[in-house]
Amino acid sequence: MSRIQTTFQQLQAAGRKALIPFITVGDPDAELTVPLMISLVTGGADIIELGVPFSDPMADGPVIQRSSERALTKGMSLARVLDIVRVFRTIDAVTPVVLMGYANPIEAMGAAAFTDAARQVGVDGVLVVDYPPEECVEFTAGLRAAGLDQIFLVAPTSSEQRFRDVAQAGSGYLYYVSLKGVTGAARLDFDEIACRIPRIRAVAGMPVGVGFGIRDAETAKRIGAVADAVVIGSRIVQEIEASPREQACVNVETFVREVRVALDELVGAHP
């Protein structure tokens, strides 16, 4: 059983919801990424999603696009991302880490080489935005053999058959994109989300996390009332962007703790 699956089992046994914050590796610089990861955990993160910087992050809104640009300008690469995870693992051997990004850097490194390196440094899961399950069968098999979870996205437009297909290929949790658009955009339709999540969970048989558009503790709590996990990315990246470097970790930790407190008010609630 992976660290991700163990984490969800422990949370579900305690009646708690998973908090999954996202940051871009190398933003504002490589040296601050591990301290930021520690701040996320200290603030109450259960799983960390690390964005792998890419030059054309098509699913990401302007906030995360800018963070990728800043990281790439300072020389961030997939190999350096893996090295940062290795350093984090010398400090924290428990918190699951998911790499979220695009196929191009993985294919440039080589899927087998990437999978082996990710396993060795302590990555727990991978979410590749532009790898639909039918186009990455070999990659998925390699991850599974290495004991890594492959997390897939499902959207408001996905059919129930698509939920089944994605659940069969993936593991760990499903990531439900809560709106039609890029990260950090538009307003959430809570009624639609409340309707869709139970259907996805029933078909998929695994935890469902909801992301895109969650910007504060109140919104996170409303999503947490129906989902197994809340994913927050753009709002945290925005906090880093707006903070003086020396204040970024404190500000991020404070924000994450506010969300954690709100989610823990749901303890014992069942979606």
Side-chain angles (χ1 to χ4, degrees), residues 1-11 17-27 33-34 36-38 40-41 43-54 57 59-60 64 67-68 71 76 78 80-89 92-103 105-106 111 114-115 117-131 133 136 139-140 142-144 146-154 166-167 169-177 183 204 206-212 214 227-234 236-237 256:
M1 183 179 294
S2 72
R3 264 187 290 240
I4 293 172
Q5 293 163 339
T6 298
T7 295
F8 272 107
Q9 279 198 356
Q10 292 172 342
L11 288 167
K17 305 306 177 83
L19 173 55
I20 310 178
F22 167 103
I23 60 172
T24 300
V25 182
D27 177 42
T33 298
V34 170
L36 282 167
M37 293 173 72
I38 294 168
L40 295 174
V41 175
D46 298 296
I47 298 169
I48 296 174
E49 281 188 3
L50 291 180
V52 179
F54 181 54
D60 294 305
I64 294 179
S67 71
S68 279
M76 187 51 58
L78 179 54
R80 292 189 72 190
V81 169
L82 293 169
D83 192 54
I84 283 170
V85 176
R86 179 189 60 78
V87 174
F88 176 72
R89 280 287 172 240
D92 185 325
V94 176
T95 306
V97 172
V98 174
L99 298 188
M100 183 173 184
Y102 296 84
I106 293 172
F114 164 76
T115 299
R119 177 188 60 80
Q120 289 190 37
V121 302
V123 171
D124 300 285
V126 179
L127 195 169
V128 185
V129 174
D130 47 353
Y131 263 171
C136 61
F139 179 67
T140 300
L143 288 177
R144 185 174 290 117
L148 303 183
D149 289 313
Q150 185 166 8
I151 294 125
F152 286 103
L153 300 170
V154 289
V166 168
S171 60
Y173 59 96
L174 289 184
Y175 188 135
Y176 178 70
V177 177
T183 56
M206 72 172 74
V208 180
V210 176
F212 284 45
I214 302 171
D228 302 293
V230 172
V231 185
I232 304 181
S234 293
I236 294 173
V237 173
V256 171

Chi angles and distances behind the side-chain hydrogen bond (donor to acceptor under 3.5 Å, both in side chains) call for T7, D46: CA-CA 7 Å; T7 295; D46 298 296; over 6 Å; no
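The CG atom of D228 sits 11.0 Å away from the CE atom of M206 when rounded to the nearest 0.5 Å. Of the inter-residue distances, the one linking M37 atom CE with I48 atom CD1 reads 4.5 Å to the nearest 0.5 angstrom. Taken from OG1 in T24 to CZ in F54, the straight-line distance is 14.0 Å, to the nearest 0.5 Å. Note that OG1 of T95 and CD1 of I38 are 10.0 Å apart. Values are rounded to the nearest 0.5 Å. Atom CD1 of I151 and atom CG of D149 lie 6.0 Å apart (nearest 0.5 Å). Rounding to the nearest 0.5 Å gives a distance of 8.5 Å between CG of L148 and OG of S171.
No donor-acceptor pair under 3.5 Å is formed between the side chain of R3 and the backbone N or O of G125. Looking only at distances, no side-chain donor or acceptor of S67 sits under 3.5 Å from a matching main-chain atom of D27. The backbone N or O of V230 lies less than 3.5 Å from no partner atom in the side chain of K17, so there is not a single donor-acceptor pair. A donor-acceptor contact shorter than 3.5 Å links the side chain of R89 to the backbone of G122.
Between Y175 and F212, the ring planes are perpendicular. Angles over 60° get that label, and only those under 30° would be called parallel.
Legend: residues meeting side chain to side chain contact (heavy atoms under 4.5 Å, CB included) with M76, ordered by chain and number and at least two apart, are V25, A30, P53, A71, R80, V81, I84.
Salt bridge D124/R119: absent, no basic N to carboxylate O contact under 4.0 Å.
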